[in-house]
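In what follows, chains are A, B, ... by sequence order, proteins preceding strands, each numbered from 1. For clarity, every value in this text was computed on a predicted model and none was experimentally measured.
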Amino acid sequence: MADLRLKGVGKSYGAVEVLKDIDLDIGTGELVVFVGPSGCGKSTLLRMIAGLEKITAGTLDIDGVAMNDVPPAQRGIAMVFQSYALYPHMSVRDNMAFSLKIARKTRAEIDAAVEKAARMLQLEPYLDRLPKALSGGQRQRVAIGRAIVRDPKVYLFDEPLSNLDAALRVATRIEIAQLKEAMPQSTMIYVTHDQVEAMTLADRIVVLADKRIAQAGPPLELYQRPMTEFVAQFIGSPAMNLLAGEIAEAGEVTRLRLPEGGGTIAADIPTRPDDVGRKVNVGIRPEDMVATDGDDYAYEGRVEIVEALGEVTQLYFERSRPEHDPVIAKLPGVHTGLRGEAVRMTADPARVHLFAEGRSLLWR
Amino acid sequence: MTPLLQGLVTIVLGVGGCIAYFYGANLLLDKVLFPARGPKIGRNITRANMVRPWLFLFPALFVLGLYLAYPVVGSFWRSLYGRDGDSFIGLGNYQALFADETFRTAVVNNLLWVLVVPAAATFFGLIAAQLTDRLSWGNIAKSIIFMPMAISFVGASLIWKFVYANDADIGLINAIRTGLGADEAVDVMQVPFWNNFFLMVILIWIQTGFAMVILSAALRGIPEETVEAAIIDGANPFQIFFRIKVPQIMGTIVVVWTTITFLVLKVFDIVYTMTGGNFGTQILPSYMMSYMFRDDGRATAVAFVIMLIVLPVMVWNILQARKELR
Ligand SMILES: Nc1ncnc2c1ncn2[C@@H]1O[C@H](COP(=O)(O)OP(=O)(O)OP(=O)(O)O)[C@@H](O)[C@H]1O
Ligand SMILES: [Mg+2]
């Protein structure tokens, strides 16, 4: 049970500012995922919440109590590290019991808490092993178990699955989702690089970029209504295509002209009469691209590379200029014959995004 | 011959000799002993390959045997002879040793040295390593603590002779005593029993730097996350140090400890320089030195006793070092 409130939080290392003006409310039982490019300060923010890094600006409240100067152990948080950070000289049982021993709990209490966590995580057969005798997935479960026995208000995860192989990552991700379900009152903050983890686990995703929060919201909102070009390209894979265009007709439905290799298309985004002639970037996700023979099309180009993944085929078009990212289309089914062909692409007007000066026209 | 020419000739002969040995022996093996031809060609090749490693190892084994193994046997043999080196007296030297009061004092003192010095040096080294780790001037502190390592034991003893000097104007100890109101200087080196510890302090002073450097590297190798996890688990700095950090570097601590133990069993210079083994401060190596040239049989017997004492520690040390490597 914990409300977390970050108000104007910032972090500087000497003169180097890493984060600033972070405002975020996290409600009880919410699972919030921090994503962002490498080095944008996700770990730093998490570690400030944990108390491992000093907060250099703003305030952090947990349940209405200012936490800036409260030592980590008294914040009611538990943290799971990317490298597991198990105590190598202690058995699984002692690893999990350590915090309780430090807190001078009775033997019976400690045993009960450890047994319960071990049962939840199916760690019972390994309780007397040393960490080095465990697999990566088991180690990560011990690390989670160590957090659970403390019964914290807030769980903090820093890329907990990134050291696991793909199959195990999926399995452990589902375990974490089930864990969350079993403890609906626990607040969780989760840092990851993995899109799928972010989309599937999160109640809310916070995209960090350029020292600030670029956008915070439910996963599908970030996917469907990104506020900025950055968020639009960051969420979703492969990244959203951005095509240079110009507003031809304004209104409830906007018509766009795409001079570079394209024709005209419509977008279900209202614009004002004075927007006509404005330069915009037209954003279309690869998976929203559809082949067409009509005259309303967004892009026409020669297919350079075809990646057939079985369920979908990814087409990479020839770049008009070498410094541009290639336009990518993701078509359902198998289309291996398209290599070298000229293909015309369009998109459903409801799925077209418009950005001017990097910001979405939907959000003004 | 000028020394320069001598050196050159030695190098040429040495290196040339090595090459000649390896090349010639190999040739002999392949062409003459087990030639790779004729009806038994397969068997010959196999045999040649079985012999070859030994061929190449032989020089090293020979030199090791000559300078390490033979002296052990030779010393033992010599220790069975009397002072003149001609009369065989069996275990007479050993009997005389165990009957000698000074020898027993030396054994007891040596035991004290082995218990106290490695423990104290390792402990202080560990504390110094931990305390200097995060300080901005930590490296300066480390250099100062490490400096005694660069001084010879005799040099260090001379320095401490001043510290222990029987004169309040020179000796630090007596100066402090005088400052606290004592009116007469004492000779620290003649205080029974405790004088042993005053001598040990010198070696601890020297060895703490060594322990600190090794342990400091080991402490740096501890994953930072385990410490952070312990902080979140609520451990205070003492608990983190003794329950998280120290156990993780236990292997290194043991190696440092045993390495200093060997050293203690070899050091004679400090006692020799400071007291000459008088006033009940004798230890085995200086006891051995006191017999050297007077009665080589007796001295080698002491040497042999020392070796027997070192052996188990050595085996333990090697086992630990191997475990560390894995
Ligand atoms: N002690 C420090 N002094 C100066 N800058 C630092 C320090 N620690 C971290 N930084 C900087 O802070 C920024 C944020 O680091 P952080 O580890 O939080 O990134 P991250 O988002 O977690 O990255 P990743 O996804 O790679 O884990 C980085 O640019 C890093 O260079
Ligand atoms: Mg990180």
Does atom CZ (B/F197) have a neighbourhood of more than 12 heavy atoms from anything else shown, all under 6.0 Å? yes
Evaluate whether atom CZ of B/F268 has more than 12 neighbouring non-hydrogen atoms of other residues, nucleotides or ligands under 6.0 angstrom away. yes
Counting N and O atoms only, with roles assigned by atom type, does the side chain of A/Y87 sit under 3.5 Å from a partner on the main chain of B/Q248, one being a donor and the other an acceptor? no
Whatever's closer than 4.5 Å to a heavy atom in chain B on A/A78 counts as backbone
To the nearest 0.5 Å, what is the distance between CE on A/M79 and CG on B/D233? 12.5 Å
Check whether A/I77 gets within reach of chain B through its side chain, its backbone, both or neither, counting any heavy atom under 4.5 Å. both
Residues in residues 212-229 of chain B near chain A [non-hydrogen atoms, under 4.5 Å]: B/E225, B/T226, B/E228, B/A229
Does CZ belonging to A/R204 count more than 12 external heavy atoms closer than 6.0 Å? yes
Take atom CZ in B/F124; do more than 12 heavy atoms of anything else shown fall under 6.0 Å from it? no
Can you tell me which portion of A/R75 sits under 4.5 Å from chain B's heavy atoms? Options are side chain, backbone, both or neither. neither
What's the spacing between A/R150 CZ and B/I232 CD1 if we round to 0.5 Å? 7.5 Å
A/H89 versus B/R243, closest heavy-atom pair with distance: NE2-O, 2.8 Å
